[in-house]
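Worksheet: the structure to be examined is printed underneath.
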Amino acid sequence: MGPSTVLLILLGYGGVSTASHKLQYFIAVTPAVNFTSVKLDGEQVEYYNSNITKVISNTAWTKNIDADVPDYRESVRARISGEHKDLQHRLSQAVGAANHTAAHTYQWMYGCELDDDGTARGSDQYGYDGEDFISLDVKAGVWKPAKKTYVTHKWDPDGHYALDQKRYLTEQNGLKKKCIDWLRMYVFYSNESLERKVRPEASLFQKHSSPEVVCHATGFFPKAVMISWQKDGEDVHEDVELRETLPNQDGSFQKRSILRVPAEELQKHTYTCVIQHSSLEKELVLPVSERRILRGRRNTFL
Ligand SMILES: *[C@@H]1O[C@H](CO)[C@@H](O)[C@H](O)[C@H]1NC(C)=O
Ligand SMILES: *[C@@H]1O[C@H](CO)[C@@H](O)[C@H](O)[C@H]1NC(C)=O
Ligand SMILES: *[C@@H]1O[C@H](CO)[C@@H](O)[C@H](O)[C@H]1NC(C)=O
Ligand SMILES: *[C@@H]1O[C@H](CO)[C@@H](O)[C@H](O)[C@H]1NC(C)=O
């Protein structure tokens, strides 16, 4: 089984969320790559991959955590790489694979859930070479091996690990940060009303010998944006194609509007593209006369 299959299995896991909030960690240690995905209410917040050795955010709001908690990303990274070691060590000991760990795949999915009334639940399960190995009955604090043949005395000889995990997943406001504390932090920072506004970067361009002028805004947050065209100060509605707003990798957005206009018209009149966004005190006005002209075949994506 290749790492991509493992990732598909990991990413396919996850239930339907209700009014409660849920934080989940999907972890894989494979011969090719070690990986952790962090999801809040089913959406990936951030991930770590041993090829990059960095925690990469998928949402714009983690910038606010970075600003408030200076060592936030480093503490996440340190915890994740510690967990990769622990997972590999514990599981390889349990299955007796200490001598050939490099050829195996270790998986771990854990998470916690918090209801509006304060009830906390946890889940904790482990896989080995693509098959379920063991899971924790979090409420009872006891292990449930996936197969009768799996011996668990090497896994958790004195039962301490089960109790540690139960506490980590369901307790809160402990001395150490626990799952529910992280969940609360993510829920707080993901609240859009707290979101800082991020300005769009704007550009105007035209493919050489095309009658289409493109006005492009990217990197902005929140999603709502207006892109319009003016001709000698008057709004233009004809021959305008406003494209859908698309998400960027980092949680910001991009959008483009395309104006079809003959070259003679551009010569005779003053055209501008106008961008309005909540991050801007004043609208952005881009004169079409200052557009970039793109030449060559490489711009076929336009
Ligand atoms: C990580 O790097 C290894 C070795 O270079 C490569 O085989 C693997 O596909 C990479 N995985 C990812 C997810 O980038
Ligand atoms: C994955 O993590 C294990 C345990 O820390 C380590 O031994 C191994 O080298 C790592 N693999 C990769 C591809 O980084
Ligand atoms: C690893 O393999 C060597 C030689 O095959 C053996 O002597 C040793 O006991 C093995 N170690 C473990 C932990 O299985
Ligand atoms: C988001 O923040 C606002 C303002 O602080 C607050 O009133 C609201 O309850 C928060 N929403 C959630 C889901 O936490």
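Whatever order the structure lists ligands and atoms in, that order sets their numbers, starting from 1. Starting from 1, each residue takes its place in the sequence as its number.
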Does the Lys NZ or Arg CZ of Arg77 fall within the cation-pi geometry relative to Tyr48 - under 6.0 Å from the ring centre and within 45° of the axis? no
Measure the distance from atom 4 (C) of ligand 2 to every protein heavy atom, then report the residue, atom name and distance (to 0.1 Å) of the closest one. Gln88 OE1, 3.5 Å
the protein heavy atom lying closest to atom 5 (O) of ligand 2 turns out to be Lys85 CG, 3.0 Å
Here the atoms of ligand 2 under 4.0 Å from any heavy atom belonging to Ser50 are 12 (C), 13 (C), 14 (O)
Within the 4.0 Å heavy-atom shell around Ala32, which atoms of ligand 2 are there?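 Checking each atom against Ala32, I get 13 (C).
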Please tell me whether Tyr110 and Trp108 form a close aromatic pair, meaning their ring centres lie under 6.0 Å apart.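 Close enough - the centres of the two rings lie under 6.0 Å apart.
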Checking side-chain polar atoms at under 3.5 Å, does Gln172 have a donor or acceptor matched by the opposite partner on Arg184?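 The answer is yes; a qualifying pair exists.
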Quick test of your reading of the structure: of Val33, Thr30, Asn49, Asn34, whose heavy atom lies closest to atom 1 (C) of ligand 2? Asn34
Between Lys166 and Asp124 (salt bridge meaning N to carboxylate O under 4.0 Å), is one present in this structure? no
My question is simple, although I want it checked carefully: is atom 9 (O) of ligand 2 less than 4.0 angstrom from any protein heavy atom?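 Under the 4.0 Å cut-off, atom 9 (O) of ligand 2 has no protein heavy-atom neighbours at all.
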Using 30° and 60° as the class limits, which term best fits the ring planes of Tyr161 and Trp143: parallel, tilted or perpendicular?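 Ring orientation of Tyr161 relative to Trp143: parallel.
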